[in-house]
Amino acid sequence: MNSIVFKDSSSHRLGKRNKASITDGSILRALLSFFFPILFGTFFQQLYNTIDAVIVGKYVGKAALAAVGGGAAVFVNLLVGFFVGLTSGSGVLISQFFGAKNDRDLHLSVHTSVALSIAGGFILMITGIVSSRPILEVMKTPLETMDDAVIYLRIFFLGMIPMFIYNMGSSILRAIGDSRTPLVILIAGCVSNIVLDLLLVIVFKLGVRGVAIATVLCQIESAVITSALLMRSTGSYKIIWKKISFAPHILGQILRLGFPAGIQSCLYTVSNLIIQSFINSFGTNTVAAWAAYGKIDAVFWMLMSALGIAVTTFSGQNYGAHKYSRIHRCLWESLGIASVLTVAFSLLFWFTCRHFFLFFTDDPGVIKEGLRIMKFLIPFWGTYISIELLSGLIRGTGVSFTPMVITIFGVCLLRIVWLFTAVPVKKDILTVIASYPITWTVTSIAFWIYYATGKWLRTANSPQ
């Protein structure tokens, strides 16, 4: 194969500066400088869904809110989460090649990853459209929300290809150390989403159709901007559309790293689907309260998710550069950051949760049920943070099978066992959601035991 020569440019120099800040110097400063753009980006990503829920809840009604945020949201997480987990191998591989200064394989990885996003987006679009109603029926979705939920999902799944192109492009940029550009793109998409939601739902009275159409249009906008920026780059991660294809050896590595994460995400969501089916049995008030709670506590999850992404990229680049001591130090500094954030946001939501629920609905029954849910779960948020940080750190070194096994047994299977043994004894919403803190605690302990063995670092193979 002919060698590929890449010119250095301003965008490539930006990548080099970010790489230096990740593999050299202050770990805390590197983590924070990478974490905050990802955090704000995750915030605006979540704002997409939150704005949808607010507008639907206020201007369409609680049945529509339950349709958009209940079983439909969990079903989306099931299918989309599998592919995102599968392609997470791309981000790990690209960050390792970037840290190792392997431009040739970095170039191949980028184009294989984009090809995978297009193929996966098409498959998921067809699968989602065809299976929406059957899956919602299996989940025991209330009849009063069924039609709206099906309409929302079928329109939403039309946007799978642009959604995956954008997500893959953002993953590429973050893997080489640029966490700011995805943030700017998300801000633009969020502004567009708010404008389109107001126009299509309030002005044109399209209900959940309007929310879904707005989301798809904004995904197209984000995909076009991300693709254009990567096409203009002259670094080794530049996208050249005629070169988009599957490099077999690269695809094999991506799947080896990403398939366990995809299976884990899928099984994680399956357990949430089962939980949702239990919640659906308590009626519309509880379903709407759970949907609203999911939008509120997503603020905490986006904090942990952003920190987990930063840790994975930090671990991947330093692993590629063979700077293993920085990987260990990264864990303890990121754990300190996570602990401070968890305490702060737990206190914030504990004392202000009623006001947050009022953003989504004025229904007193929904608010009362939502407060029960939130005040039960908030004290246990801290039991989750080790899962996000340790799994991200370990995956960054190229080890993904063991984190999958730990999560499947510690979260998925144990959660299902709890639901089918404890809930029949005491049928209450708090018994159902108690499955979360129980499984978080068990899984965190398992991850710490595996981390202490050191096998995750000794068995990993650095890319050549």
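For this chain, numbers begin at 1 and follow the sequence in order. Computation of the quantities below employed the complete heavy-atom set of this structure, encompassing side-chain atoms and omitting hydrogens, waters and symmetry-equivalent molecules. What you see is a predicted model; the values in this text were computed from it and never measured.
- Gly392 and Val311 make their closest contact through C-CG1, 4.2 Å (heavy atoms, listed as atom of the first residue, atom of the second, distance).
- Closest non-hydrogen pair, Pro162 versus Ala223, comes out as O-CB, 3.3 Å.
- Of the possible polar contacts, none joining the Ser222 side chain to the Gln219 backbone as a donor-acceptor pair under 3.5 Å is found.
- When ring centroids are compared, Trp456 and His328 come within the 6.0 Å threshold.
- For the atom pair CG (Leu183) and CG (Asp178), the distance works out to 10.0 Å, reported to the nearest 0.5 Å.
- Counting heavy atoms from C-beta on, the side chains of Phe349 and Val299 come closer than 4.5 Å.
- Here the closest non-hydrogen pair linking Val110 and Tyr237 is CG1-O, 3.7 Å.
- Residues Met374 and Phe357 meet the side-chain proximity criterion, which asks for heavy atoms closer than 4.5 Å.
- With hydrogens and angles ignored, the 3.5 Å screen pairs a side-chain donor or acceptor of Ser391 with a backbone N or O of Ile387.
- Donor-acceptor pairing under 3.5 Å is lacking for the side chains of Gln317 and Ser95.
- In this pair, His107 and His111 present their aromatic rings tilted. The plane angle is within the 30 to 60° band.
- Residue Phe246 places its CZ atom among more than 12 non-hydrogen atoms of other residues, nucleotides or ligands, all under 6.0 Å distant.
- Between the CG atom in Leu390 and the CD1 atom in Ile385 there is a gap of 10.0 Å [rounded to 0.5 Å].
- Between the Ser171 side chain and the Asn167 main chain, no donor and acceptor come within less than 3.5 Å of each other.
- To the nearest 0.5 Å, the span separating CZ on Arg104 from OG on Ser109 amounts to 10.0 Å.
- The stretch residues 428-437 participates, sequence neighbours left out, in these side chain to side chain donor-acceptor pair (under 3.5 Å) pairs: Asn272-Tyr436, Arg372-Asp428.
- Looking at heavy atoms from C-beta onward, Phe36 lies out of side-chain contact with Leu31 at the 4.5 angstrom threshold.
- Counting all heavy atoms, side chain and backbone alike, Met160 lies closest to Phe157 at CG-O, 3.2 Å.
- Side-chain contact annotation: Ser386 with Ser444, donor-acceptor N/O pair under 3.5 Å absent.
- Residues Val92 and Ile254 form no side-chain contact, since every pair of their non-hydrogen atoms from C-beta on lies 4.5 Å or further apart.
- Residue Asn318 forms a side-chain hydrogen bond (donor to acceptor under 3.5 Å, both in side chains) with just one option from Arg326, Arg329, Lys323, Gln96, and that option is Arg326.
- Proximity of a side-chain donor or acceptor of Thr443 to a complementary backbone N or O of Trp440 within less than 3.5 Å is not detected.
- Side-chain atoms of Thr397 come within 3.5 Å of backbone atoms of Ile394 as a donor-acceptor pair (strictly under, hydrogens ignored).
- Side chain of Thr439 to main chain of Val411: no donor-acceptor pair is present (N/O by atom type, distance under 3.5 Å, no hydrogens or angles).
- Rounding to the nearest 0.5 Å gives a distance of 4.0 Å between CG of Asn193 and SG of Cys218.
- Side chains of Ile185 and Ser170 form no contact here, defined as non-hydrogen atoms less than 4.5 Å apart.
- In this structure, the side chain of Ser33 engages the main chain of Ala30 through a donor-acceptor pair within 3.5 Å.
- Between Ser192 and Glu221, the shortest heavy-atom distance links the atoms OG-OE1, 2.7 Å.
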Legend entry - Intermediate values then yes/no, side chain to side chain contact (heavy atoms under 4.5 Å, CB included), Leu389 and Leu393: CA-CA 6 Å; Leu389 299 182; Leu393 188 89; over 6 Å; no

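- Between Thr112 and Ser245, the closest side-chain pair of non-hydrogen atoms is not below 4.5 Å.
- Tyr319 and Phe314 have their aromatic ring centers separated by at least 6.0 angstrom.
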Inset, instruction - Could you go through the ring pair (Phe, Tyr, Trp, His ring centres under 6.0 Å) check for Phe164 and Phe122 one step at a time? - result: CA-CA 10 Å; Phe164 287 166; Phe122 178 78; over 10 Å; no

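- Rounding to the nearest 0.5 Å places CG of Leu173 at 5.5 Å from OG1 of Thr181.
- Outside the 6.0 Å centre-distance limit, the rings of Trp381 and Phe345 are not counted as a close aromatic pair.
- Interatomic distance, CZ of Arg415 versus CZ of Phe420, reported as 13.5 Å (0.5 Å rounding).
- Counting non-hydrogen atoms of neighbouring residues, nucleotides and ligands closer than 6.0 angstrom, the CZ atom of Phe282 exceeds 12 such neighbours.
- Under the side-chain contact (heavy atoms from CB on, under 4.5 Å) rule, Ile275 has a single partner from Leu419, Ile416, Val423, which is Leu419.
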Inset, instruction - Tell me, with the steps shown, if Trp241 and Ser227 meet side chain to side chain contact (heavy atoms under 4.5 Å, CB included). - result: CA-CA 10 Å; Trp241 285 100; Ser227 300; 3.8 Å; yes

Legend entry - Test log, rule side chain to side chain contact (heavy atoms under 4.5 Å, CB included), inputs His249 and Asp105: CA-CA 10 Å; His249 72 288; Asp105 282 339; 3.8 Å; yes

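- Of the N and O atoms on the side chains of Arg395 and Thr312, not one donor lies less than 3.5 Å from an acceptor on the other residue.
- Inter-residue side-chain proximity for Ile165 and Thr226 is flagged as unmet; no heavy-atom pair is nearer than 4.5 Å.
- Here the side chain of Thr352 pairs no donor or acceptor atom with the backbone of His355 at under 3.5 angstrom.
- Between the side chain of Ser117 and the backbone N or O of Val114, at least one donor-acceptor pair lies under 3.5 Å.
- Annotation for Arg174 and Pro182: closest pair NH1-CB, 4.0 Å, computed over non-hydrogen atoms.
- Partners of Trp332 by side chain to side chain contact (heavy atoms under 4.5 Å, CB included), not counting sequence neighbours, listed by chain and number: Leu335, Trp448, Tyr451.
- With contacts defined as side-chain heavy-atom distances shorter than 4.5 Å, the pair Pro437/Leu377 qualifies.
- Judged purely by atom type and a 3.5 angstrom limit, Ser400 uses its side chain to pair as donor or acceptor with the backbone of Arg256.
- With sequence neighbours excluded, no residue satisfies ring pair (Phe, Tyr, Trp, His ring centres under 6.0 Å) with Trp418.
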Inset, instruction - Decide yes or no on side chain to side chain contact (heavy atoms under 4.5 Å, CB included) for Val366 and Tyr293, but give the supporting numbers first. - result: CA-CA 10 Å; Val366 175; Tyr293 167 77; over 6 Å; no

